[in-house]
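Okay, so here's the structure we're looking at.
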Amino acid sequence: MKVHHGISASIGIAIGEAFIYDQHLHIPNYSISERQIEYEIHRFFVAMTKTKNELIQIQKKLIQEISEDQGKILDAHIMMVDDATLVDKICDTLRAEKRNIESVVFDVINEQCQELAKANESFFHDRIIDIFDIGQKLLQNLLYQKNVSLSNIERDVIVVASELSVSDTANMNKKHVLGFVTEFGGKTSHSSILAKSLSMPAIFGLSNIVHEISSGTICIIDSEKGLFIQDPDEKTLKEYQNKKLAENAQREENLLLSRIPTVTKDGFAIPLKANMEIPEQEIDNVKKCGAEGVGLYRSEFLYLSKKRKTLPTEEQQFLAYKFILERLSNKEVTIRTLDLGGDKVIETYTVKENNPNMGWRAIRLCLKNPEIFKTQLRALYRASIYGKLRIMLPMISVVEEIIETKKLIEEVKSNLQREKIPFVKDVPLGIMIETPAAALISDALAKHVDFFSIGSNDLIQYVMACDRGNEKISYLYEPLHPAILQLIAITIKNAHKNKIYCSLCGEMGSDPNNALILVGLGIDEISLSTGKLLEIRKLFQNTNKKDLEALAAQALTMSTQKEVNQLLLRYNKAHKNIKII
């Protein structure tokens with residue numbers, strides 16, 4: 001038995017077999033002799049044939065299971081495999097440079113993608129994605145590496161990886177992935193956020209874990225303690241099996257609260273809404289836990305699927321938004337517009353930047369790509385007739401970004417009206433307060449919108465100058481730091497001054513202590529991961545709002561995070577009826 005210590009990301013216990021997920025292609029690079037050239041070219045043509053046959057089989061499956069039109073999507077891929085220009089370039093390079101075929105294919109594919117990226121036309125951007133995909137498949141066949149997708153896992157496993165992209169996590173088969181551990185990541189990375197939304201135990205920061213464990217090894221995740229136990233002894237395994245049973249029983253007990261509104265002992269209502277990323281997997285959970293709506297649907301996950309080779313069309317987005325609104329027809333659903341950039345990257349549509357979290361992302365990217373933005377806005381307004389939609393803009397820093405967005409919205413609405421397509425004309429428009437600038441000018445911003453939602457994940461990152469995915473400086477990522485509390489208090493005050501309400505939709509709201517302070521500061525609602533919603537509801541039902549207001553007022557006078565923590569410790573001891581779960 002070996003115990004590894006890491007950073008807890010999503011609380012819970014998982015027991016199962018390890019599944020090593022390592023998708024990095026390690027490309028060998030070595031010189032070859034004149035005599036080996038024809039052999040390497042022969043290997044290349046064998047890999048081409050295999051790749052082409054695989055694509056044909058996938059195409060046949062698509063035609064059988066979906067439609068002939070869907071199958072035609074792969075026509076270009078199949079033709080591209082033995083494209084004469086590409087084949088000649090690879091063979092000529094190999095003969096001239098006398099290098100192994102894998103390194104030549106890798107370089108030629110990258111060179112072609114870079115050349116096409118210089119052309120500012122969507123046709124060439126789509127072709128880049130196709131060429132890159134073909135290159136990956138060729139290299140996998142040359143290296144005899146099977147392409148593994150976490151969506152295809154068919155047995156219960158704990159995923160062990162160096163790192164997981166947003167797409168990797170979004171595409172996990174929730175039915176069989178019990179939890180995951182990685183070498184890199186942090187408490188508020190997007191993989192962590194997804195883990196919480198899926199109620200999936202997860203631990204980050206386990207150095208070299210991929211090389212210390214083999215697939216099939218029985219493992220335990222205890223993410224409350226940040227423990228990953230490899231090959232547990234019989235006593236430890238039995239102990240955690242009992243803990244898992246108790247955890248399941250507690251979850252069932254909490255479900256009794258799902259039909260009860262969130263109201264404090266002194267009668268103050270605090271709506272608790274759900275954060276959501278993958279509706280198909282999460283929407284039943286949202287309903288099951290009794291969420292009072294969706295406070296944040298991260299629409300970029302429509303764009304991040306590994307199965308998607310182009311941006312989603314207006315119709316695809318419309319159907320996705322319609323699905324959510326219809327399933328939650330009597331509850332408000334807040335859909336955040338596209339927030340790509342930072343750690344959420346799509347080849348050709350986002351750019352590599354030295355400081356991506358401070359760069360060309362979210363509303364900044366959308367306003368520079370109005371056609372992409374208007375496609376999403378059209379889909380949102382078309383879907384608005386199917387439920388209680390609210391639209392929310394991310395990463396607002398200046399008033400002008402709201403004004404420019406409103407012009408695009410009016411253009412979209414005029415076009416829909418001219419086309420006689422029905423839509424709700426007065427869909428509430430809100431913004432996320434997640435930059436220090438937005439918090440400080442929140443009085444001015446409030447005059448242009450219907451609501452605020454504090455995005456605590458990025459707000460903390462920007463205020464503390466602390467990369468939220470960097471485990472080395474995680475000690476700086478403190479939600480209850482006095483600077484954070486001051487900015488939240490300013491934002492709430494300015495929202496109420498302008499007669500709009502203010503919610504919070506970051507991970508900060510999922511922690512009981514944070515939630516107590518937030519309600520004391522005057523937050524109107526909290527949107528959080530469904531895995532914590534019922535626990536927070538139970539907490540508030542045993543709390544008085546007036547006590548929390550006094551607690552928050554004291555917290556605002558503190559100068560360090562440690563002082564705030566000590567204040568909360570004294571408060572919880574004094575209020576023994578409150579159980580911090």
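- When all heavy atoms of Val463 and Pro436 are compared, the pair lying nearest together is CG2-CG, 3.8 Å.
- One finds the CD1 atom of Ile484 at 8.0 Å from the OH atom of Tyr477 (value rounded to the nearest 0.5 Å).
- Partner of Ile517 under the side chain to side chain contact (heavy atoms under 4.5 Å, CB included) criterion, out of Leu556, Leu568, Ile523, Leu548: Leu568 alone.
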Before you tell me yes or no, could you show the steps for Met432 and Cys505 under side-chain contact (heavy atoms from CB on, under 4.5 Å), namely the whole-Å CA-CA distance, both residues' side-chain angles and the distance that decides it to 0.1 Å? CA-CA 9 Å; Met432 293 191 72; Cys505 62; 3.4 Å; yes
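- To the nearest 0.5 Å, the span separating OG1 on Thr337 from OH on Tyr297 amounts to 12.5 Å.
- Enclosure of atom CD in Glu212 by more than 12 non-hydrogen atoms of other residues, nucleotides or ligands within 6.0 angstrom is indicated.
- You'll find the side chain of His575 reaches within 4.5 Å of the side chain of Asp547, heavy atoms only.
- The two residues Ala444 and Val399 make their nearest non-hydrogen contact at CB-CG2, 4.3 Å.
- Looking at Arg336 and Glu300, their side chains come closer than 4.5 Å, going by heavy atoms from C-beta outward.
- The heavy-atom pair separating Ser529 from Asn275 by the smallest distance is N-ND2, 4.1 Å.
- Between Asn542 and Lys265, the side chains place no donor N or O within less than 3.5 Å of an acceptor N or O (distance only, hydrogens not considered).
- Heavy atoms from other residues, nucleotides or ligands lying under 6.0 Å from NZ of Lys288 number 12 at most.
- Enclosure of atom NZ in Lys493 is not indicated, since only 12 or fewer non-hydrogen atoms of other residues, nucleotides or ligands lie within 6.0 angstrom.
- By the 4.0 Å N-to-carboxylate-O rule, Lys235 lies too far from Glu239 to be salt-bridged with it.
- By the 4.5 Å heavy-atom criterion applied to side chains, Ile20 and Ser214 are not counted as neighbours.
- At least one donor-acceptor pair under 3.5 Å links the side chain of Glu183 to the backbone N or O of Val210.
- Checked by atom type, the side-chain pair Asn544/Thr264 shows no donor-acceptor distance below 3.5 Å.
- Ion pairing of Lys2 with Asp231 is absent here, as no side-chain N (NZ or NE/NH1/NH2) approaches a carboxylate O to less than 4.0 Å.
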Apply side-chain contact (heavy atoms from CB on, under 4.5 Å) to the pair Leu178 and Ile15, showing each step before the final yes or no. CA-CA 8 Å; Leu178 306 176; Ile15 304 169; over 6 Å; no
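- Checked by atom type and distance alone, the side chain of Asp450 never pairs as donor or acceptor with a backbone atom of Gly430 at under 3.5 Å.
- Side-chain contact check for Gln554 versus Tyr571: every heavy-atom pair is 4.5 Å or farther apart.
- Judged by distance alone, the side chains of Glu401 and Thr405 never bring a donor and an acceptor atom under 3.5 Å apart.
- The only option from Lys273, Glu292, Gln541, Glu525 that meets the side chain to side chain donor-acceptor pair (under 3.5 Å) definition with Thr262 turns out to be Glu292.
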Worked check of side-chain contact (heavy atoms from CB on, under 4.5 Å) between Lys546 and Phe268: CA-CA 9 Å; Lys546 287 185 179 179; Phe268 183 79; over 6 Å; no
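- Closest approach of Thr530 to Ala274, counting heavy atoms only: CG2-CB, 3.7 Å.
- Of all heavy-atom pairs between Ala161 and Ile209, the closest is O-CG2, 4.3 Å.
- Between the side chains of Asn572 and Asn513, a donor-acceptor pair is found at a separation under 3.5 Å.
- Sorted by first and then second residue, the side-chain hydrogen bond (donor to acceptor under 3.5 Å, both in side chains) pairs with a member in residues 478-488 read Glu478-Gln561; sequence neighbours excluded.
- With hydrogens and angles disregarded, a donor-acceptor distance shorter than 3.5 Å links the side chain of Asn173 to the backbone of Ile153.
- Distance alone, capped at 3.5 Å, places no donor-acceptor pair between the Ser223 side chain and the Gly226 backbone.
- Remark: the backbone N or O of Leu338 is paired with a side-chain donor or acceptor of Gln376 at under 3.5 angstrom.
- Using modelled atom types, one side-chain atom of Asp511 and one backbone atom of Asn514 make a donor-acceptor pair closer than 3.5 Å.
- The backbone N or O of Glu507 sits less than 3.5 Å from a side-chain atom of Asn457, completing a donor-acceptor pair.
- The two residues Ser397 and Ala437 have their closest heavy-atom pair at O-CB, 3.8 Å.
- Atom CG of Leu296 sits about 9.0 Å away from atom OG of Ser299, to the nearest 0.5 Å.
- Between Lys175 and Asp156 no salt bridge is recorded (no basic side-chain N to carboxylate O distance below 4.0 Å).
- The closest donor-acceptor contact from the side chain of Arg537 to the backbone of Leu257 lies under 3.5 Å.
- Inspection of the Asp458 and Gln461 side chains reveals an N or O donor paired with an N or O acceptor under 3.5 Å.
- No donor-acceptor distance shorter than 3.5 angstrom exists from the side chain of Asn498 to the backbone of Ala446, with no hydrogens or angles considered.
- The CD1 atom of Ile213 sits 11.0 Å away from the CD atom of Glu17 when rounded to the nearest 0.5 Å.
- Salt-bridge annotation for Glu247 and Lys243: absent, with no side-chain N of the basic residue lying under 4.0 Å from a carboxylate O of the acidic one.
- We find the CZ-CG distance between Phe540 and Leu272 to be 6.5 Å, quoted to the nearest 0.5 Å.
- Side-chain contact between Ile13 and Ile221 is absent, with no heavy atoms from C-beta onward closer than 4.5 Å.
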Going through the distances and angles, do Leu328 and Val286 end up as a side-chain contact (heavy atoms from CB on, under 4.5 Å)? CA-CA 9 Å; Leu328 298 168; Val286 170; 4.3 Å; yes
List the steps and the verdict of side-chain hydrogen bond (donor to acceptor under 3.5 Å, both in side chains) for Ser453 and Ser503. CA-CA 5 Å; Ser453 186; Ser503 64; 3.2 Å; yes
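- Atom NZ of Lys331 and atom NZ of Lys287 lie 8.0 Å apart (nearest 0.5 Å).
- When Ile526, Leu480, Leu528 are each tested for a side chain to side chain contact (heavy atoms under 4.5 Å, CB included) with Met508, only one passes: Leu480.
- Ion pair Asp443/Lys497 flagged as a salt bridge, since at least one NZ, NE, NH1 or NH2 atom sits closer than 4.0 Å to an Asp/Glu carboxylate oxygen.
- Judged by distance alone, with hydrogens and angles left aside, the side-chain atoms of Glu434 form a donor-acceptor pair with the main-chain N or O of Met395 at under 3.5 Å.
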